[in-house]
Every structure is written in structure tokens, then in C-alpha cells.
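One is the number of the first residue; the rest follow in order along the sequence. Note that these values count all heavy atoms, side chains included, but never hydrogens, waters or copies made by symmetry. Just so you know, these numbers come straight off a predicted model, no measurement behind them.
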Amino acid sequence: MTSTFPPSHPVVNLKGSTNPHPQGPRSPPVDLPALQNASRVIQDQLVKDSQIIPELGDTLTTSGGQVSASYSVFPDDIRVPFQKRRFVGIPEGLFQYYDSASVTSHMGLMPEIERAWISIDHKLFLWDYIDGHEISSFVDQPDVITHVALVKPKRGLFVDDISSLLVICTPVSVLLIGLSFSSLLGYGRTHQEIRLYATDLVVSTDIEMTSVIGSLDGRIFMCGSQDGNLYELHYQENESWFGKRVQLINHSIGGMQSLLPRFAASNAEERIVSVVSDNGRSYFYTLTSKGNISIYKPNGEKTVQHIQTISNLYKAAQEKAPGSPTLAPNNFQIISLHVIEKSDSRSSVQLLAITSNGVRLYFSPSSGSYNHSYGQASSSSSGTQLQLVHVRLPPSNLHHPDEHSNLYRQPVVAYGASQALSQPVARPYVISAIENTCYAQGMIVAAQQGDTDGTDYILCLAPDLTRIGTLGQLNLPQQQPPTQQPYGSYTSSLVMNRPPLTEYATLLAIPGRTWAMATVPRPSSLATPPGATAPVSINELALQFGEPPHQFMLLTNVGLTFLTKRRALDYLKAVLEELQSEGNVQPIIEFRDSFGRDQTCSMLLGLASGNTFLDSSDAPSSGNISTINPDIAAVAKQAFYDFGERPMWTERITYGTTDSQGTAIFSGRREGLSLYFARLVRPIWKSKLTKKGPMETQQLAVSSNTLMTIQKNLFALKDFLDQNPHLFHSSPSEPSTARAPITEQEAWKVEQNSVSELLSLLARTIEALSFVLLLDDYRLGDLVSQCSPDVQKLINSQSFEDLVTSQNGMMISRALVNVLIDHQIGQQISVDTISDVLQHRCGSFCSTDDVMLYKAKENIRKASEIPNPTERQNWLAESLRLFTKAARILEFDKLREICGDYQQLHYAKGAVELPLTCAQASDPDNIGLEYWHTDKPSNDTRSIFAELRVRCYGLVLDSLTVFEEASKQRSKNLNTLSIDLEIVKGHAYELAFSSEDEMFHSTLYDWLITRNLADDLLEMRPPFLEAHLKRSPITEKKCQLLWQFYVKNNQPLRAAEVLGALAESTEFSLDLDVRLEYLTLAVANAKSHPISITGRHETAIAFLTDLEEKLDVAQVQLEIYNTLLPHINDAQEVGDRIKLLATRLFTMTELYQGYAVPFDMPILKLLCLHVSEHRDESIVRPIWNQIFDEALNEASDNVNTSAADRIIHVVVPLGQRFYPSESAFPLRFIATLLIRFTLANKTAVPHGWAPRILVQCGVPFTDIWDVLHEMYESQVPPFNDQANVQAISSDIAILLSDWLEEAKRPQSSMVGKGEFPVGRIDLAVDQYLGELETSRVETKTTYELVKRQLRRNW
């Protein structure tokens, strides 16, 4: 996805105002028409939600749709309908009771009390599978327990604590145990504590009972394991003439107590194997061993009414699905019945039967449309008859569970790229021996034994809403999963108006053998109010953000496995995670194509903003907002923007006229927002506000917990939209279409207006929820009873929507607020708390600002009249609190007057804090602060907010001035004898400096600096001082204070950075010596930087090196300037150039080329070369030639000075200054110049003159010897002349002699005699003597003396 968010601009202000009043706006007036427009949009979405997904029965009973077998089977883990969420092993403590190999054990589930029951012989254990370890036991009866059930008790027979009965079946008895359970909060969750009560209700029997069910009125039915008869366990409070206190009634053997014909139980092979209760319709059903289904209705004390028996189901199923290989006599065995609740199928399908190989039979009441009736037994009633209406064949293309360990994942593809890759052929698996099943709201979980021991395979089925729903899909995914088509001649039946049922199907493996399975109880679904449109129960798209996901639990012999239904939002979350981690965009494109643009945008918005039901884990919802990973949320936000597309404009032109009418087609973003908003408020939108409670008083019609959950989700949505206002703007990068720009603008205008209305409704709804919850906290029933009769009648008739969007809603809210405040006043309770809560939580429902202002001003008056200082401070503090609350509506003139009052009363806290609070209130969105941070550009509309702040700051500075003056003249004011004005002044400054308003701090610092208090500021080092000194406009004074601040703050490196920048600045007029001083200080501070500070050490070294180089260059510049200063009054051009040296720092190149060369100063040239370390013999040699020439010329002009002395006078200081720099003092070349001079003046200079000059320059003996020896050996002119070579030898002899004497001196600079190359000199002297002319007697003597000294001393 390549598009990006557009820049944010205030077209749609999510906070309700686009142009805040400079004084801080009052609560904006409620725009009822806009709210009503938005409410109509919400209602439209609620209606759509009730229509997009058909009822389960409608998908099965469409015209001609008597059979179906369409499934969506996917190999990947993103789209599987269920996933294993958690496994809880059976506690180890239970295994100690398996003390022999012959124990009899049974188990089952009781999800209503969060327990699994496990029987081991005669012992019953109730295991708290939520806790995982807690076990309750019942061991007070001796017989082996074979079956246990939990039923409702009859009313009035037991103590109130007993809410359920345990029915315990053994081979010889049936026992009733009372059970109570209560919710206890502990360890972060609600824990169900149970207690057992003996009832003495036990009946003996020679038939073992099983399949126990209970009715809502407390009747208990069951069937006998051996005889297969239908029994009722009847119990009553006392014995009577007509019946025992507890007895078993056999409804299968006729007599006065049963209307069931005898033949129903006459066949020994036809036994009842299970009983299923349908409490919603007051029926129960029985299933026999031959697959016949009977329907009963309890209709009186100890009697039941047989409604119908359905038989010959194999033949009926075959006629509906002829030719199906899954329908064969040898595998057609019905193993379970499941009631389809009215909420799943309001008018049609009622009962579901499942066979061992996964065939499902759906039964519906008879009607004119369905006149197929098979083998109905004689019936004693003409009540509602059921008939088989649909056969659902099992999936034949299931992936084996082993395939899930090697998931096929599609390769990453680019956006929009086609994908025609075939999936690998999976190992198919066919369902054949289902043993346990569970059904809930269209979902089915069924277990059969797996391929390996100790493993069961779980078939999981759930409706595929993308196939059966009308979700506005424009195009289906490019690659569809394989679906199974029906068999034989009935394939044409799928061509119908409404699509047939299609389900997701998958096969999971769990450990152990399954004993029982059940749905995990969830908090009661948020019921749709009567008369409101409601989505069907299988429409999880409408419900997934308002309730936790469905979970199934499967009890096996090793533990409890929890399966969680993966909702569309879980699928979407997984798709987003793949997009974020792998960059694979194809799955999210397929998701959008499957669920449609608007549904996808709605879910993306919910994921991005957060929701209390996002988390699909098995942990109960804490009621807090769950959010996804911020990176995933960012991807969701981007996808919401991209998939939302843009609004469009359509026009209808009336022929024959020039008139045209247009309508906007909203973008997916707006549709997604309205859809998500509508789903959040659906449970309350059409609900009445109140209902009658105990004592005939009014109470909330919807629980406060529900209201708080909805409010949290709405607030999360609002908070997300507040932070991302750009989501509903067009992107500048969006390609323009061919339509006229005016129509595009119209479409955007209509859309943004609609979004703005929805956002206003969102904010108003959140406040309305706060308002209602607040009223509930203050006893809503009492408040309503104190309203006038007309208002009470109105309250009783108002829905939540009316409260939010109607004039009547505003009227009753005002009436309730008035009653509430009157109630507080009547109890002599301050109204401040309630005013604060009302204003903060639901400001659009009431305004208390004027009341607060009045009370605050009254408190100031009281303070001025009270002599007691403590009471005066209390009244002033109260006034400040109230003024602070009303700060946003406080006019400036009023504020100035209040500050004057505070100054007169020496109340520093009010005089300082109130103006600062008003400054913030006048710029609530920090627009002025943002303008100030951007260096106050000219002609900027934001400047008005900054000016409002500055005016308030001025009042603070004025207060500080007043307190200072008062402290100076304290003795003159007789009214303040009890007040220490110095303390008042200090407190005022303390409050000012404790402010967190950076703009105010900057204003305060400037004010203090202008009053020459900069040193005090540096000592205090307040939090924003550094930022202030770095803010523009930058001045020399600020820079000076800044580096001093860093020094005092132990940040020498930063001080050095500021000093360096100050030295190089061209903005300030600084003398050259001042710049040099700044650089010197910068180097000193940089050197003070501690090397232990990690992360900046190398940077600090580089910075220090750069500073030192700049300092060296600056010193050169100063020397050049001082050298040229006597010529400053020469020609104007010369003077101007010299003056320029004092205005800024130059680079070495500028100094060399601009001054050293033009002014022809060879020594300064050498200095430049030396400092810059620039080595170039073509430059340096001419300079030294010039120096020698000038020395010779000066000697010729001065008869008192010889040329040799002049050369010594010039060369030695330069050598001492520049050696060993080859850049400025090239040793070999200078030695050559000296030797040439020696050769040219052999009679004028003594032997050793040249090397002795070099020694004075500081050149080491060994370097001089190397250079002279190189000349001696070179044979290069003039050293190809033997006389010149002999002259060099004489110089070498003197050099070696001097070197020897230096080495012998105790104070010699040579450390140890090891540095003196004795052997090398000895060999060289032999060479020199061997090649020396005999006429050089003096030189020979010198060499021999050297040789003797070498032997003597070394």
C-alpha cells in the first residue's frame, strides 16, 4: 500500500470547534439538527446490520434448498474458524484416588458453575477448571457414581442459597444434593465458590439412570440405561396421601400419569438413549437407539404430553440427497440432538440431529411450504409438528490435522499482482465415527477418535459470512478454496435468490479421549431493546466488538482443551500482522474483497482505536480497552485510509431543463466510522432510559457496567480520531479524476460535513453516558421522583437516543441537574464537587461556570474582611480554585482586576497561578505555543493566541514587580504587619519558576536579564533556561550566558561548542583578540570534557582537534594583523584589507593567499605553511631562497655585519621556531643552502660553520650527519668536485667532534650512551681518513682525536 496520509488541516475539528474564541470558548451550543442527522445515519446502519446476514433457517430453507454441502476449507492458520487457546491438565491430586486397576470413573462438564465433575467409584469430585487446582468432593454415599447432572430446583422447596441441584445417579439410586455458588473477587478474577447441602432426597431404583435434564420450573427427566424408558424424578416438600416426598415416575409404561402409548417402549431394541431439553419452547426431545426422535411437553404435575415421534429418517434424508455416498444404511446413526434457539432461527429451524459420519438433519415446524412428512407416530395432540427440511452433508475436503504442522503459505506478492498459484494437494480426511458433539449459534464442534492412540480429532464448523451475507463485495478473492458440491440431481437447487449455507471447516487434534464438551458461558449478550432492529445471532460482524468470542471446552481423560472461535477481527488482525512482518499485501486484499469495503473499514477502525473485546484470549474481559501492537495499529490505520477510497458525486439531470441534482456516495472511511459507531451503541440506542425497579422507583434500564463498557469503547474511538484528524481528508497525492473539480469538492464537502456530525454525536454520546452514570451514582430513582410529574412522564418515555439528540432530552437533563444541585444544597453540601464533575464529564449537558465565578468573587470579598490570616488564606485558596475552573471564560479585564485584588491581599499564589492558568486556557490547543516555537513567522493567524498568552504573562510580571516594591517599603504599610512581605515575594518567584509553561519561562528570563539579574538566573539554572538562551533571536549576551550556563552545569563540551560558534560568528561585531579569547576558552573547556562519558569521547576529541587548529590559525591571523597594523593608514585599499582582519576569523588559505603572498612576507608564509602542515617544496624552497638572498643583501648594505653572521641571525630563530616541520623548515634544502654558502666563502667561514648553525636550530646531530654524509657520498654537483668533498669532510669532522663532546657531558640531552652510534661512527671515521687528502692535516687530527676518544670512552 503506497498511499500516504494527507497533511492534517482543521477542516473537521474532532473537538467540536474550528476557530476557538480568543478568550477561550464557552461550551459550544448543542447543534440538535446535526445530531439528529448523525442519529439517522446510525439508525440506517443498524437496519443494514439486521439485513446483511440471513437467519440460519433462511440459509437452509430457501426455495429448493433441501440439501447443501458447501464449505470453505483453508490450509493456513489465518482463516481457520477455531483455534486451540488453552489446555488445563487434570490435577495430579485426583490420580491418588485411582488406587486399583478396577476403578470405575466417569466425567462431565458443568459450565454454569465453572466445574468439571469426575467420579471415581463412589467418590464425586468437582474440579474448578478455571483455577486449575481447586477440587470439591462428595463421598457421603457408598455406591458407584455413573452420571451427574446440574438442574434448577423447584421454587420454595429449599433455602434461598440453593440455586442448583446435583442429580447423582448410581446403579441403585438417584440422589439430590443442594448446591449454592457465589462470586468472590480474588487474584484478579471473579472466582465461583460452591457449597453443597444434604437434602435427604434419594430414591432407590433397580435401573441405572442417565441423560438427566431439568426444566426451568424444576422438573427432572432422565432415561434408564437398561430399559431405555423415560423417567421423571418427582420430589416435593413433604409426604402426602397421594405421593411420596421423592419418587421415580416411568412415563414410558402408560397409566394415568402418562399419555405415551405402551408400544413406544414395548420393543426391547427401541431404547431411549438421550434426552435433550428445549427450555425456550418448553419442550424436550428424546433420541432412541434406532434413530427415532420424540417430542414431549411437560403439561402438568407428574405428567408429560407426547407431541410427535419422527421416524424413517434415513429414508427421508436419502430422498433429499439421493446418491450421496455419506448416506448409507450402515453408517446412518444419529448420535446427538441439539436445540436451535429462537435467537438463531426465529421462525423456522428448531432441532438439529447429527449422525456419526457428520451428516446434519435440520427440523422445522410444518407449514404450507413443507408438506413432506415421514413416519409420524400416533400423537395425542395436534400441536406443532416437526419435519425434516434440510440435509447438510459433511465436508469431504478436510485437511488432515497433520497437515497443519506444515502450513502452506502463499508467497509474498506485490500490491495488485495477480495470483494463480495452485495450493499443494493436502491429505484429505473423512469424518466417520463422531462420538461427541456440541452446538451453539450456528457453530458445531464434534469429536472422533484420531489416527493415533490418545488423540481425538475435532471437527469445527462455523458459518462463512462472506458466502452467505450481503456485505457489498465488489469482487471475490482471485483464488477460492475448494468447495464441495451436492450430489446427483439436486445441484440445480443452488440456483436461488439467497445463497445456500456455506461454512468454514477445519479439523484439529487434541490430546486424550473426549468425554464431554460444552460452550464456555459468556456474559449475557447485550440484548437489543424491544422494537429495535437486531442482527441475527450468527452475524458476528455486528456483535464481535460488543461481546467476547465464543469458546468451547472439551473434557478428555487428560484434561480440558479450550477452543476459541476466531472472529473476523481475529482473521483481520492476523492478516495485518503478516502484512507488517512479511510485507505480504495479498491476504488483506482478499480480506477486503471477501468482507467488502465498508465492513473491512469498520473492523480496521475498531482494531486501530482499541476495544474492550479485542483480546480473543480465554481470560475474562476486565472491561479495560485492549489495543494491538502499535506497529500493527499503524498498518490498520493506513489500510483504513487506503481501502476507504474517496467519496463520489453522482448527478441526475432532468431532461428539458438545465437543473441537475446530485448526491454523494460516501467513502468507506465514513461508512466504516458510522458502522462501527452504530455497533457500539446498538444495545442502548433505542433502549428506554429507565425502568421500574424495586419499590416502584425508577432505575437504569441498562446496567451501569454495560454503559461503562460502551463508554470506554466510544471514548477509545474518539481519542483515536482526535489524534488522527487527517483520516477523513483527501491526500494531495491522490490522482485527480476526469470529473469536474467542483463535483469532487461537493463530494468531499458532503462527506466531511457528515463526518463532522458523526463526531459531534460521538462526543455528545460519551458525555450523555457520563451524565447518566453520574445520576445513577446520586440515586437516579430519588432524583426522578423529585422532578415534576410532567418531567417524570417524559423521562419514562425517553430513549437514550432521545436524551442525546432531542429537545426533550435537553429539557429533562436540565431538570435533573437542577434537582441534583438542589439536593446537594439541601443537605448543606458544597456544590463545587458536583459542579466540577458535571463540567468535566458532561459539559454539554450543564454549565456551572457562572456559578463558580460568582462564588469565587464572593470568597475574595470574605477574605478581605477576615482578620485571621489562616481563614483569609483558606478563602483565597477557595476563590483561586473556582477561578481556575472557570479560567477559560474569564475575560482579560476581569482577570486583571482579580490579580489586583490578589496583589492587594498579598496572595502570591493567586496573583501568579491564575494568569498562568488563563494563559493556557486562552490557548487550549497550544496553537499560540506552536507559533512561538516556530519563531513567530509574520502574517500568521496563530499570532493572536500567542498575544493572549503574553498578555496574561504580563500580569504575572506585574505581580512580581508589585511584591518586590512592597517588600522594599514594608515598613510604610500598616495593614501588613502580620505578613512577611519578603516571604511573599520569594513565594511569588518560586511559583513563577515552578511553572511548566516554557513560553512563560522565556518571557520571565528576558524580563530578569533586562533587570541585570542574569547571574542569579545562572545560579538557579531553571529548567527552560537552556532552551531560552538557544532560541532566536540569538544575541551575544545570550551566547555568553549560554556557555556560562553549561560551565556551571558541568557540561564543558557544550560550553566549548557555544564558545567556538561565538568566536566564528559573523552576526556579532567582535574584536579579533576577543574572538581569540573565545577560542582559547573553547579549547580549555573542550579539554575539560571527561573522557568517561560514553558515546561522545571520539566526537569530543575530533571537536577539540578542530578547535585547536582554528586557534592556531587565529593566532597566525593575529600575528599577521599585528605585523601589518603599522600599514593600516597606507593606501585605502591596503588599510581596508588590514581592517578586514579584525572583523572575522579567516581560514589559512585566505591568510596565505590574501595577506602573506600579496604583502610578500616570507616569514609569515613559512608560518602559514607550518601551521597548516602543507608540504610543497615548490613553494617552500623559493621562500628560503628569498630569505637567504635578503640576508645577503642586508649584509652587503651593512659594512658592520658579515654575510655569515647575518645568515646565522636569520636562520637560527626560524629553525628554532619551525624545526622539525618539513613544511616550513626543509632540513636538507636549508643544509644545502648553508653548505653552498660555505663552499662559496671557504676563506670567510671556518670548518663546521654550517653544521653548527643547524645544531643551534635544534636539529639532532644524527640528522645533520645523515644530511652531510649524503652530500659527501652523492657525487652530485657541486660534490663531484674533490675539493668540495674534502670541505664537507672537514665539516663532518667538526660535527663528530662536537657530537662526541656533547655525548661525554654529564648533562647531555642524550639519555645514556646507547644513543651514541659508536660503531657506525668508528667505521665512518676510518672511511673518512682513508679518503682524506694528506694536505688536510687539521681535519685528519680531528678524526684521529675522535677515534681515540671513541676507544677511550666506549
Would you kindly check if the NZ (Lys) or CZ (Arg) of Arg669 is within the cone defined by 45 degrees around the ring axis of Tyr641 and under 6.0 Å from the six-membered ring centre?
yes

Check Leu614 against Leu569 and note the closest heavy-atom contact, atom names and distance.
O-CD1, 4.0 Å

When you measure from the centre of the six-membered ring of Phe666, is the NZ or CZ of Arg646 under 6.0 Å away and within 45° of the axis?
no

What is the ring orientation for Trp685 with Phe800, classed by angle as parallel under 30°, tilted 30 to 60°, or perpendicular over 60°?
tilted

Output for pair (Leu673 CG, Asp598 CG), nearest 0.5 Å, gives 11.5 Å

Just by distance, with hydrogens left out, do Ser799 and Asp802 show a side-chain donor and acceptor under 3.5 Å apart?
yes

Is the shortest heavy-atom distance from the side chain of Gln699 to the side chain of Leu780 under 4.5 Å?
no

Distance alone, cut at 3.5 Å: any donor-acceptor contact between the side chains of Ser667 and Glu751?
yes

With no hydrogens and no angle check, is any side-chain donor or acceptor of Arg949 less than 3.5 Å from a backbone partner on Gln920?
no

Closer than 4.0 angstrom, basic N to acidic O: yes or no for Arg896 and Asp893?
yes

Would you say the ring centroid of Phe1000 lies under 6.0 angstrom from that of Tyr953?
yes

Can you tell me if CZ on Phe715 sees more than 12 non-hydrogen neighbours from other groups inside 6.0 Å?
no

Between the side chain of Asn724 and the main-chain N/O of His726, is any donor-acceptor distance below 3.5 Å?
no

Is Thr697 reaching over with its side chain to a backbone N or O of Gly693, donor-acceptor style, under 3.5 angstrom?
no

Phe945 vs Tyr931, ring-ring contact (aromatic ring centres under 6.0 Å, His included): CA-CA, chis, key distance, verdict:
CA-CA 8 Å; Phe945 294 96; Tyr931 164 77; 9.8 Å; no

